[in-house]
Asks: 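Got a structure here, written out as structure tokens. Questions coming.
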Amino acid sequence: MANLPKTYAPQEIEGKWYKFWQKNDYFHAAATSEKPPYAIVIPPPNITGSLHIGHALDNTLQDCLIRWRRMQGYNTLWMPGTDHAGIMTELIMERNLADEGISRTALGREKFVERMWQWKAETSDYIISQLQQLGCSCDWERERFTYDEGFVTAVNTAFLHLYNQGLIYRDTYMGNWCPHCNTVLSNLEVEPIEIDGNFYHIRYPVKDSEIVLEIATTRPETMLGDTAVAVHPDDERYQHLIGQTAILPLCDREIPIIADAYVDTEFGTGALKVTPAHDTNDYEIGSRHNLEQLTIFTRDGCINENAPKKYVGLSRWECRERVVEDLENLGYLVKIVPHRHAVGHHDRCGTIVEPTVSPQWFMNVRPLAQRAIEATQKGEIKFIPERETARFYHWMENIEPWPISRQRWWGHRLPIWYCSECEGITAAIARPQQCECGATSFHQDEDVLDTWFSSGLWPFATMGWPEKTQELKTFYPTSVLVTGWDILFFWVARMIMLGLGCMDEVPFRTVYLHGLVADEKGQKMSKSKGNTIDPLETIDTYGTDAFRFALANASTPNPYVPLLESQIESGRRFANKIWNAARFVLMNLEKYPVPAGSDAVDTSNETLEITWIRSRLSHTIKTTTEALENFRFYEAAQTLYAFLWHEFCDWYLEFTKQRVSQDEPAALWAAADTLEQTMRLLHPFMPFLTEEIWQQLSPNGTDTTEDETSVTVAPWPEAKGENPIAETTMATLMEVIESIRSIRGELNVPIGASVEVHIQSQNSEVREQLETYLRQYLPAFTRVTSITIAESLQKPPASAEAVIGDLAIYIPLADVIDLDAEHARLSKRHQQATKDVATAQKTLDNPNFVERAPEHVVAQKRELLERLLIEQEKLARSLAMLSESGG
RNA sequence: GGGCGGGUAGCUCAGGUGGCUAGAGCGACAGCCUUACAAGCUGUAGGUCACAGGUUCAAGUCCUGUCCCGCCUACCA
């Protein structure tokens, strides 16, 4: 064994072990195996840059599951890959190009896409290497990309499959248009943000009359596209105007005054200007009344020729200013009232969306949504936490047609061909030979598909669909999907629908939706808020394992999980603690090597502390396993932390010191065994550190290259059962030790000073236990000159006292005792005891409690009261004595 | 406007189907370099479990209402 440094240095071991794992192919899943399958597909990170804190959490949790199941003996597949992330990646590329002074349009589609592929090559490698730094045990041989060759086939096949069922169709409809990205968007991509706007009240004169109709709008510029004014059919104020004609100011166009029940008489003036081409509701009204759709904006959000000349070419905002100015000058403007309202923004680029009518490809998701609901109701899919199920249903039940075409360049082209002669549509992967009309010339649809269409195929396209591969047979449906709740609709819901649509089977059995990483104020971490923690920086500073442990430890079931720097720090301290515990064990093993063939542990002559630590280990195995089974990562992490630090290190290793100093190595060998098993338990959370220690501990497992093995493929520990008697005995001993320490601490007994300990107990069993073990253990925890244990003994003069139930501990402190301090100490405990007695007494005094509560609860209460009464009485007596001698 | 989640120690959070004397980490205070670890050890302090009712032998936990905070959703121009 090499000399281990005093402080754990993660940088020195992490890279080494990752290479080792890869070399041994531990992460590769066999397409066929006798082992039961367990599969997770990674939520493919976008190729837009580097991993953020959300990825770190998401992938840490996935790796925990995968490593745990692998150790449990499953044939585990963690399918990795990246996403081409259509619009987002294009935006970044456009920004890069802008830095070079090139515009996308100047470059042209072909060149642009070429550059995108170059970019992809660089960034996806970078992202993969970051996942590896995080320790992710993905099956890298199977890495995929949502725009690779296989995906093109899968996307085309899926499209045609759904098209042929009539689920995909072309329609001209009012949609969300992003004037910056020049594409239509789905509702999900539009983020409503509250902004401070205005309500503009404007007069619309009524033709052939002196009457003016006052309307109110937040978007005065759209009046240039007005084709009606609507009032409520029952609105008495406007009855006489229905059917009349208004004169649209600035345009001098005549528009009808119509009645439509959509109009809210209470809101604004009760008169609504109608712009069917640029407002979703107005569009509906327009279709009901057959109004003209007058488009007044260009694709990039400027005024077009349908508006009066003076406004043509202005941006939406310039136009608003000019229109308001003109209205005011001409006397049409009544007033401007500040008005706060929600306005849709493109979630990717932040541009205010312009509702626009355009021809698009849609997917009718209703039938698949219905099947998804049914599948969930039948239990084919389970959501964790459960509350997410309700969100899922709600969205699925209210789903609307999904616009799937995007007017962009980077992404899957639609397998749709238009005849150059008759414009007839042919759906086919390859260019068709001949149109029904006889023509032979075609052009392919220029649009690309929404990125989520292709990532919706991820769980089966990555496994080779549409081929009927062995992988699909083995691993589909996958076991679990792990992702943040924020993409439940974007991605999870669509995977389920497309899985049902293409595979006729849900893509996964369980969906675990974790929280979003937040800062200490509960604010979601985001670049724009500047409150992010950079995963790579964190790994550099604290080490991967510390970071991973902190993430798992922070991962409560809450929708937002605050991650504090101090928690990562705590992870690092934990790693260092483990490191040093291992050092201690290993250093001592040099002196006392584990005898060969000692695998069969001899428990016949086992000492209490060994029985105890094995019992606690068994409990820890059970709790950790259950926590993982229920996706309670924080609970697993906390269980392991508490066991390793506060039981194994704080107590067991101290016992071991004592034993070893007396030349009794059995405790040490049990320590090595416990540590080895604990390293296995902890491995899913802290893969690098546990591998390093496990290798050092394993009997043959020094750095030999032959017969390589790894904790990665070691079996998951088995809970062998707990020993309540040993645990109870140990608890008493610990209490005694803690009491003595407490006296020493509170009464400022010098560290170097040895003390006499007198213990009185009427319980012979307890006395026996103390006789047997306390003499052995105590020296490891505090300096003692002598220990006296008796059924009854006089409290020595000038001594400090502690009471534990029937047990009294006296420590003579003639030279150092501060009687006032001791009095204060005892009276505080007496007060507490009195309070506890009162509480317990009150419960037991209630006859209904004794009658109706379960027997064991009553018995427990009685025991407690008894013990508390004894303590209270002892303390009272000692206090009286103390006052006497002191006063 | 609806729906969901939350309010427990100075801070961040645990406390499945009500029942041990309400816990942890961090922070605070006091004392220690005790030969695995100062990224450590030992001890101490700190909580009307948001508020008000109710159900129950028993409520941090279940019910109702109120007040805050956050989020998701909705066509009020």
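Please read these numbers as outputs of a predicted model, since none were measured by experiment. All chains are named by letter (A, B, ...) in the order of the sequence lines, taking the proteins before the strands, and each is independently numbered beginning at 1.
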Asks: Is there a donor-acceptor contact under 3.5 Å from the side chain of A/E189 to the main chain of A/S186?
Replies: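 Between the backbone of A/S186 and the side chain of A/E189 there is a qualifying donor-acceptor contact (under 3.5 Å).
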Asks: When you compare B/A36 with B/U17, how far apart are their C1' atoms, in angstrom units rounded to a whole number?
Replies: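 These two C1' atoms come out 44 Å apart once rounded.
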Asks: Go through B/U12, B/A45, B/A77 for me and flag the one nearest to the A/K828 side chain.
Replies: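 Selected nucleotide: B/A45.
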Asks: When the nearest nucleotide of RNA chain B is assigned to A/V850 and to A/N580 on a heavy-atom basis, which residue is associated with the more 5' position?
Replies: A/N580
Asks: Can you tell me if A/W395 touches the phosphate of B/G3, counting only side-chain N or O atoms and a distance under 4.0 Å to OP1 or OP2?
Replies: no
Asks: Determine the contact category for A/W579: base if any of its heavy atoms lies under 4.0 Å from a base atom, sugar-phosphate if only primed atoms, P, OP1 or OP2 are that close, otherwise nothing.
Replies: nothing
Asks: Which part of the nucleic acid, if any, lies within reach of A/K657 when heavy atoms closer than 4.0 Å are counted: base, sugar-phosphate only, or nothing?
Replies: base
Asks: With a 4.0 Å cut-off on heavy atoms, is A/N588 in touch with a base, just the backbone sugar-phosphate, or nothing at all?
Replies: nothing
Asks: When all nucleic acid strands are considered with a 4.0 Å heavy-atom cut-off, which category describes A/R867: base, sugar-phosphate, or nothing?
Replies: base
Asks: Rounded to whole angstrom, note down the C1' distance from B/G16 over to B/C11.
Replies: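 27 Å, rounded to whole Å.
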Asks: Name the orientation class of the two ring planes belonging to A/F648 and A/Y652 (parallel below 30°, tilted from 30 to 60°, perpendicular beyond 60°).
Replies: parallel
Asks: Would you indicate whether A/R219, at its atom CZ, is surrounded by more than 12 heavy atoms from other residues, nucleotides or ligands within a distance under 6.0 Å?
Replies: yes
Asks: Counting just side-chain N and O atoms, does A/R632 come under 4.0 Å of either OP1 or OP2 of B/A14?
Replies: no
Asks: With C1' as the reference atom in both, quote the distance from B/G5 to B/U42 in angstrom, rounded to an integer.
Replies: 41 Å
Asks: Taking the side chain of A/R572 as heavy atoms from C-beta outward, which of B/A39, B/C4, B/A36 is closest to it?
Replies: B/A39
Asks: Decide yes or no, distance alone: a donor-acceptor N/O pair under 3.5 angstrom between the base of B/C37 and the side-chain of A/K6.
Replies: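 Counting by modelled atom types and ignoring angles, no donor-acceptor contact under 3.5 Å is found here.
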Asks: When you check the phosphate oxygens OP1 and OP2 of B/A77, does a side-chain N or O of A/T217 lie under 4.0 Å from one of them?
Replies: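 Answer is no, no contact under 4.0 Å.
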Asks: A/T389 and A/K382: side-chain donor and acceptor closer than 3.5 Å?
Replies: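 No, no side-chain donor-acceptor pair sits under 3.5 Å.
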Asks: Any base atoms under 4.0 Å from A/Y262, or only sugar-phosphate, or nothing? Heavy atoms, all strands.
Replies: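 Base contact.
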Asks: Checking all strands, does A/T7 fall into the base, sugar-phosphate, or nothing category for heavy-atom contacts under 4.0 angstrom?
Replies: base
Asks: So does A/K861 get a side-chain nitrogen or oxygen closer than 4.0 Å to the phosphate oxygens (OP1/OP2) of B/A58?
Replies: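 Negative; the distance criterion is not met.
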Asks: Strictly by Watson-Crick or wobble contacts shorter than 3.5 Å, is anything paired with B/C71, and which nucleotide is it?
Replies: B/G3
Asks: Do A/E214 and A/H201 have side-chain N/O donor and acceptor atoms under 3.5 Å apart?
Replies: yes
Asks: Please confirm whether the shortest side-chain N or O distance from A/R744 to OP1 or OP2 of B/G43 is below 4.0 Å.
Replies: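 Result: no.
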Asks: Closer than 4.0 Å, any side-chain N/O of A/N558 to the OP1 or OP2 of B/A14?
Replies: yes
Asks: In whole Å, measure the gap between the P atoms of B/G54 and B/C13 for me.
Replies: 33 Å
Asks: Of all the nucleotides listed (B/U44, B/A14, B/G25), which has the minimum atom distance to the side chain of A/P557?
Replies: B/A14
Asks: B/U55 and B/G18: how far apart are their C1' atoms, nearest whole angstrom?
Replies: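 12 Å, rounded to whole Å.
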Asks: So what does A/E654 hit on the nucleic acid, given a heavy-atom distance under 4.0 Å: a base, only sugar-phosphate, or nothing?
Replies: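 The answer is base, as A/E654 lies within the cut-off (heavy atoms under 4.0 Å) of a base atom.
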Asks: Indicate whether the side chain of A/D226 and that of A/Y204 have a donor and an acceptor atom separated by less than 3.5 Å.
Replies: yes
Asks: With a 4.0 Å cut-off on heavy atoms, is A/D650 in touch with a base, just the backbone sugar-phosphate, or nothing at all?
Replies: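 Sugar-phosphate: the residue A/D650, judged by heavy atoms under 4.0 Å, touches backbone atoms but no base.
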Asks: Would you mind classifying the nucleic acid contact of A/L272 as base, sugar-phosphate or nothing, using non-hydrogen atoms under 4.0 angstrom?
Replies: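 A/L272: base contact, heavy atoms under 4.0 Å.
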Asks: With heavy atoms under 4.0 Å as the rule, sort A/G270 into base, sugar-phosphate or nothing.
Replies: base
Asks: With a 4.0 Å limit, can you tell me whether A/Y634 has a side-chain N or O closer than that to the phosphate oxygens OP1/OP2 of B/G16?
Replies: no
Asks: Strictly by Watson-Crick or wobble contacts shorter than 3.5 Å, is anything paired with B/G46, and which nucleotide is it?
Replies: none
Asks: Once you round it to whole Å, what is the distance between P of B/C41 and CZ of A/F584?
Replies: 14 Å
Asks: Taking any heavy-atom pair under 4.0 Å as a contact, classify A/V561: base, sugar-phosphate, or nothing.
Replies: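 Nothing, no heavy atom under 4.0 Å.
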Asks: Taking the same atom, P, in B/G60 and in B/G2, what whole-Å distance lies between them?
Replies: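 Per the computed distance, 31 Å lies between those P atoms.
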Asks: Would you say CD of A/E194 has more than 12 non-hydrogen atoms from neighbouring residues, nucleotides or ligands within 6.0 angstrom?
Replies: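 Yes.
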Asks: Reckon A/D836 touches a base, only the sugar-phosphate, or nothing at all at heavy-atom distances under 4.0 Å?
Replies: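 If one applies the 4.0 Å heavy-atom cut-off, A/D836 turns out to touch a base.
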Asks: Between B/G27 and B/U12, how far is it from one C1' atom to the other, in whole Å?
Replies: 11 Å
Asks: Using the P atoms only, state how far B/A28 lies from B/U34, rounded to an integer number of Å.
Replies: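 After rounding to an integer number of Å, I get 23 Å for this pair.
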Asks: Remember a base hit wins even if backbone is also touched, and classify A/H646 as base, sugar-phosphate or nothing at under 4.0 Å, heavy atoms.
Replies: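 Sugar-phosphate, no base atom in range.
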Asks: Does a nitrogen or oxygen in the side chain of A/R741 sit under 4.0 Å from OP1 or OP2 of B/G43?
Replies: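 Checking B/G43 against A/R741, a side-chain N or O does come within under 4.0 Å of OP1 or OP2.
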Asks: Give a yes/no on whether any side-chain N or O of A/S566 is located under 4.0 angstrom from OP1 or OP2 of B/U12.
Replies: no
Asks: Applying a 4.0 Å non-hydrogen cut-off, can you work out what A/K521 is touching in the nucleic acid: base, sugar-phosphate, or nothing?
Replies: nothing
Asks: Would you tell me whether A/N576 and A/R573 have side-chain atoms, one donor and one acceptor, within less than 3.5 Å of each other?
Replies: no
Asks: Suppose we define a pair by two distances each less than 3.5 Å, Watson-Crick or G-U wobble; what does B/G23 pair with here?
Replies: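 B/G23 is paired, partner B/C13.
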